[in-house]
Amino acid sequence: MEKIKLGISTCLLGENVRYDGGHKWDRFLTDTLGQYVEYVPVCPEVECGLGVPRESMHLEGDPESPRLVTIRTKQDMTDRMVKWAQKRVAELEKEDLCGFIFKSDSPSSGMERIRVYNEKGMPVKKGVGMFARIFMEHFSLLPVEDEGRLHDPKLRENFIEKIFTLKRWREVLVKREKRGEVVDFHTRHKLLILSHSPKHYQTIGKLVARAKELSLRELYRQYQIWLMESLQLKTTPKKNANVLHHMMGYFREQLSSDEKQELLEVIDHYRGGYIPLVVPITLISHYVRKYDQPYLKQQIYLNPHPLELQLQNHV
Ligand code: SF4
C-alpha cells in the first residue's frame, strides 16, 4: 500500500509556527504513524498571512458562529480566516486526503470543545476552531481527530482503522472498472463492518447484492457513504465478541472440543474486559492458518492495520 495522505496541523510536526514561535511536536504522529503516512501540513494562522510570532487569539460570541479575535488588541480576524479557509479546502480536494489530525484547543485548528468567551470574558467549551469547522463541513465523511484524543487507545485504534480502510477503498476507486471490485472489497471488509454496526452490515450487504441494478457510479457513491458511516460507529467488546463467535462458526467442524473450549474462554475473557482484543484475534488467526479457512483468510478484520502500531492491545 502507498503511504496514506493525511492533513495535519503544522505545529504537530514540530514546525515553529505557533503564536509564540514554538511548536507542539507529537512524536507518535511523526515517528510511528509517520512511517505509514504522508502529511499535508496546514497552519491556518500562518497561511492566512499572520506572522510568527503573533498576537494570540481566541473565539468570542455565539458558540455556534463565534468570531476569531486577538486577545490584547481585539482585532477581528474572522473574515480573513474564513476567506482563506474556503480557498484552502478547495485546494485540499486535489490532495486526496484520507483524514485530518487537528491540534486540540486551538481557536483556528481545534475540532471540538474549544473555549468561546462571552461578553463578560467567561469561556464555554463548546466551540470549533474556525478552519476546522470549514474543513469538516466541506469533507463531512473524512475521518478527523485531534492529537489529544489520539492519546486514548480506543480512539486511536478507531481513527487508524478508518484511514487504512479509506485508503484501501481509494485504491479500488482509482481502478473504477467493474462491480466485481466493489464486491471483492466488500467481501474482505464484511467482518470489519459487522464489528462497527450490524445494521450497516445488513444494509451494505443488500446494496452489494443488487450491484447489477445500479450504475457503477451510483454503486460506488452509495457504498462509500455507507462504509464511512459504519466506521463512524464505535466498536465495543460486545460487537467484537459477536464477530468472534461468528468467525468461530466457520471452524465448527474442525475445532477439537479443547480448542473450542479455549476459544470460547478467550472470547469471554475479552468481552469481560480482562484481556485485549489482540488475544482472541491471534488465536483465531492461528486456526485460520491451521485449518486453511479461505473466507476468513481474506478478512481485513483479522489484520486491519500494521502490528507495529500496537493497536488492539488495550482492555
Ligand atoms: S494550532 Fe493551528 S493555527 Fe495554531 S500553530 Fe498549530 S497549526 Fe497553526
Side-chain angles (χ1 to χ4, degrees), residues 4-34 37-61 63 65-93 95 97-117 123-139 142-152 155-156 159 163:
I4 300 169
K5 249 190 183 184
L6 287 187
I8 190 167
S9 299
T10 309
C11 55
L12 294 172
L13 298 176
E15 301 285 328
N16 293 320
V17 288
R18 302 247 307 160
Y19 71 95
D20 57 1
H23 59 72
K24 284 286 176 183
W25 190 358
D26 187 301
R27 293 276 187 170
F28 168 76
L29 298 180
T30 56
D31 299 359
T32 308
L33 191 57
V37 163
E38 178 188 341
Y39 288 118
V40 177
V42 180
C43 177
E45 292 178 16
V46 168
E47 290 182 32
C48 83
L50 306 172
V52 182
R54 58 186 172 275
E55 192 182 340
S56 59
M57 288 172 262
H58 68 198
L59 297 175
E60 282 185 13
S65 62
R67 312 290 299 173
L68 181 65
V69 181
T70 63
I71 296 173
R72 191 170 48 81
T73 59
K74 294 289 173 201
Q75 294 175 69
D76 191 328
M77 299 292 177
T78 312
D79 294 345
R80 176 184 194 143
M81 178 62 81
V82 168
K83 208 167 150 205
W84 167 83
Q86 285 167 342
K87 200 165 136 262
R88 189 70 169 108
V89 291
E91 283 168 14
L92 287 170
E93 281 195 5
E95 297 285 358
L97 298 178
C98 288
F100 203 107
I101 301 174
F102 290 109
K103 171 71 190 75
S104 58
D105 297 328
S106 157
S108 304
S109 301
M111 60 177 262
E112 60 166 34
R113 294 173 50 77
I114 306 303
R115 286 183 188 82
V116 182
Y117 291 82
V124 282
K125 284 182 115 183
K126 286 188 175 173
V128 177
M130 205 137 275
F131 168 67
R133 182 192 292 273
I134 290 170
F135 181 94
M136 292 191 291
E137 283 171 1
H138 193 87
F139 297 105
L142 270 195
V144 292
E145 267 304 348
D146 68 41
E147 94 296 350
R149 285 168 50 94
L150 286 176
H151 292 150
D152 178 310
L155 296 176
R156 175 184 292 192
F159 178 70
I163 60 171

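Every number for a ligand or one of its atoms is a count from 1 in the order of the listing.
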Practice item. Using the side chain to side chain contact (heavy atoms under 4.5 Å, CB included) rule, take M81 and S108 through it: C-alpha gap first, then chi angles, then the decisive distance, then the call. Key: CA-CA 8 Å; M81 178 62 81; S108 304; 3.6 Å; yes

What atoms of ligand 1 come within less than 4.0 Å of a heavy atom belonging to [X]?
X: V17; result: 5 (S)
X: T10; result: 7 (S)
X: K103; result: 1 (S)
X: S9; result: 7 (S)
X: E45; result: 3 (S)
X: S106; result: 1 (S)

Check your understanding: Among K24, K103, R156, which one satisfies salt bridge (Lys or Arg N to Asp or Glu O under 4.0 Å) with E147?
Key ->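 Only match with E147 under salt bridge (Lys or Arg N to Asp or Glu O under 4.0 Å): K103.
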
Point to revise | Side-chain heavy atoms of Y39 within contact of L12, under 4.5 Å | key: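 Heavy-atom side-chain distance check fails, nothing below 4.5 Å.
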
Practice item. For residues E60 and V116, report the shortest heavy-atom separation together with the two atoms involved. Key: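 Looks like C-CG1, 3.8 Å.
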
Practice item. State whether the side chain of R133 and the backbone N or O of M130 hold a donor-acceptor pair below 3.5 Å, judged by distance alone. Key: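 Judged by distance alone, no pair lies under 3.5 Å.
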
What residue and heavy atom of the protein are closest to [atom], and at what distance?
atom: atom 6 (Fe) of ligand 1; value: C11 SG, 2.3 Å
atom: atom 2 (Fe) of ligand 1; value: S109 OG, 2.3 Å
atom: atom 8 (Fe) of ligand 1; value: C43 SG, 2.3 Å

Check your understanding: Should the proximity of R54 to ligand 1, defined as any heavy atom under 4.0 Å, be assigned to the side chain, the backbone, both, or neither?
Key ->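 The side chain, only.
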
Exercise for review: Answer side chain, backbone, both or neither: which part of V42 comes under 4.0 Å from ligand 1, heavy atoms only.
Suggested key: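 Only the backbone of V42 comes within reach of ligand 1.
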
Point to revise | Aromatic centroids of F135 and F102 separated by under 6.0 Å | key: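 Yes: the rings meet the under 6.0 Å criterion.
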
Review point. Has R115 got more than 12 heavy atoms of other residues, nucleotides or ligands less than 6.0 Å from its CZ?
Key: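 No, because the 6.0 Å sphere around CZ of R115 holds 12 heavy atoms or fewer from other groups.
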
Check your understanding: Hey, what do you get for CG (D26) to CD1 (I8), rounding to the nearest 0.5 Å?
Key ->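 Rounded to the nearest 0.5 Å, the CG-CD1 separation comes to 7.5 Å.
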
